[in-house]
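Below, each value reflects all heavy atoms present in this structure, side chains not excepted, and no hydrogens, waters or symmetry copies. Residue numbers start from 1 in every chain, and the chains themselves are labelled A, B, ... in the order their sequence lines are given, proteins ahead of strands.
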2 protein chains.
Amino acid sequence: MVDRPDEPDVRTRVVSEATRLLAARGFDGTTVQDIADAVGVTKPAVLHYFPSKEHVREAVLESILAYWKDTLPRLLLAATASEERFDAVFGELLRFFTSDPNRARVVMREALDRPAEMRKLLRGPVRPWLTAVAQYIHSGQRAERHYADIDPEAYVLLVLQLVLAAAASASVTSPVLEGDARGRYEREVARIARASLFPPESRSAPAGARKRAR
Amino acid sequence: MVDRPDEPDVRTRVVSEATRLLAARGFDGTTVQDIADAVGVTKPAVLHYFPSKEHVREAVLESILAYWKDTLPRLLLAATASEERFDAVFGELLRFFTSDPNRARVVMREALDRPAEMRKLLRGPVRPWLTAVAQYIHSGQRAERHYADIDPEAYVLLVLQLVLAAAASASVTSPVLEGDARGRYEREVARIARASLFPPESRSAPAGARKRAR
DNA sequence: CCTACCGATCGGTAGG
DNA sequence: CCTACCGATCGGTAGG
């Protein structure tokens, strides 16, 4: 357990490199040797810290979920106004996943590879937070801040998916866009999420067709 | 090469079963033997029709893309009005992928597993169609039918992603929703795509259009 | 299309 | 006795 104090311990580095490799190649496409090579240790060394390859996968997913277990409640409780709350949660969601697209890729692969486990996660530990956010939208609907025909639960799940998909595939889709592709892509994600939640202000209504440089 | 006339030939059945298996387990998680067993032939039989496992993968992806190469131009040319065009293309997109979620899963896995190839596809053969749809949105903006601040190219890419993600993961996210989960999910996808494109009609306008901070 | 195989490489574990 | 590993190789299975 004792380690050099000036560098991250092997466990931490395994999780970090495994995140990168699992995102790029998937679980079956990554060997324990690949992870060991990336960290700079031997394969048995990796299997000393994690009893099996499966344990590495779980640690990677856990490191991503752990962040939100702490952050989401803090964001929801800190913001009081409705729009503040949207900006705080959505902004952090977008920032977290675009700042390291590998996190989004790992989550998407997990949903594809192990749907049963992901379902269990959504119906269990994640559920209360989805419900909480949906509840805020529902309140906003009663106060006529949001569109009346939103399905709050479905909206929350779909915006989450949109952010994940956008972050995971920005490097693939960006070359299609000219100029600041990443910026354009991220701004449009935020615009879609916002425009489908908040009706436009009267002044910014359809009319003023501003033409976009391109 | 000769086959019974009353049942699909082996090639077709391999593509069909491989779509299912690749969607569920991915390329590295699927063995040629798995495909052979699903079809009811031996492994060498599969490798008789397709020179390698890689050729099976390409045939699966091709069978999905081929549909759109025919359908998209037809839909774009048939509809004349702007809203008709949106409904026609978006509706068919949603129908195609939700009617067999495995198609969406295969495309998503392909984007994750082979980003370079997917990039080439987007910049090459798919590009003209993305541009065409974006161009229609751009025209709609000039005619003040759409929001002025839409980034058409980014919007098209993101709606495509949203539909793919929604279709691919409906079986995972649906258990969170009560009642007709699939229906709620699909209706909300359509609502988000529409509400972020078309400003609301005046009658359905936001009651208390409030000011947005940020 | 099957039976019978190949070179290689997989995840995991032995003794030291 | 423990920890933190290494070199070597296990039984099985992959694509072809």
Quiz item: To the nearest Å, how far apart are A:Ile35 CD1 and C:dG12 C1'?
Solution: 13 Å
Quiz item: B:Leu21 has an atom CG; how far is it from atom P of D:dG15, in whole Å?
Solution: 12 Å
Quiz item: Relative to each other, are the rings of B:Trp68 and B:Phe96 parallel, tilted or perpendicular (30° and 60° limits)?
Solution: perpendicular
Exercise. When you get a sec, tell me which of C:dG11, C:dT13, C:dA4 is the closest nucleotide to the side chain of B:Pro44?
Key: C:dA4
Quiz item: Rounded to whole angstrom units, what separation is found between the NE2 atom of A:His55 and the P atom of C:dG12?
Solution: 10 Å
Practice problem: Could you check A:His48 against A:Lys43 and say which one's nearest nucleotide on DNA chain D is further toward the 5' end? | Solution: A:His48
Quiz item: Would you say the base of C:dG12 and the side-chain of A:Lys53 have a donor-acceptor pair closer than 3.5 Å?
Solution: no
Quiz item: Going from NZ on B:Lys53 to OG1 on B:Thr31, what distance comes out if it is rounded to the nearest 0.5 angstrom?
Solution: 7.0 Å
Practice problem: For A:Asp28 and C:dG11, give me the distance from atom CG to atom P, rounded to whole Å. | Solution: 9 Å
Quiz item: Does the side chain of A:Thr42 get closer than 4.0 angstrom to OP1 or OP2 of D:dC5 through an N or O atom?
Solution: no
Quiz item: Would one find more than 12 heavy atoms of other residues, nucleotides or ligands at under 6.0 Å from atom CD of B:Glu178?
Solution: no
Quiz item: Is the gap between the ring centers of B:Tyr136 and B:Phe86 under 6.0 Å?
Solution: no
Practice problem: Could you pull out the closest heavy-atom pair between A:Ala59 and A:Phe50, with the gap in Å? | Solution: CB-CE2, 3.6 Å
Quiz item: What integer distance in Å separates A:Tyr49:OH from D:dC6:P?
Solution: 9 Å
Quiz prompt | Atom-pair distance (CG on B:Leu22; C1' on D:dG15), nearest Å | solution = 14 Å
Quiz prompt | Toward the 5' end of DNA chain C, by each residue's nearest nucleotide, A:Asp34 or A:Pro51 | solution = A:Asp34
Quiz item: Rounded to whole angstrom units, what separation is found between the CZ atom of A:Arg11 and the P atom of D:dC5?
Solution: 13 Å
Self-check item: A:Val10 side chain, from C-beta outward: closest of C:dG11, C:dT13, D:dC5
Solution: D:dC5
Exercise. Could you check how far CZ of B:Arg57 sits from P of D:dG16, rounded to whole Å?
Key: 12 Å
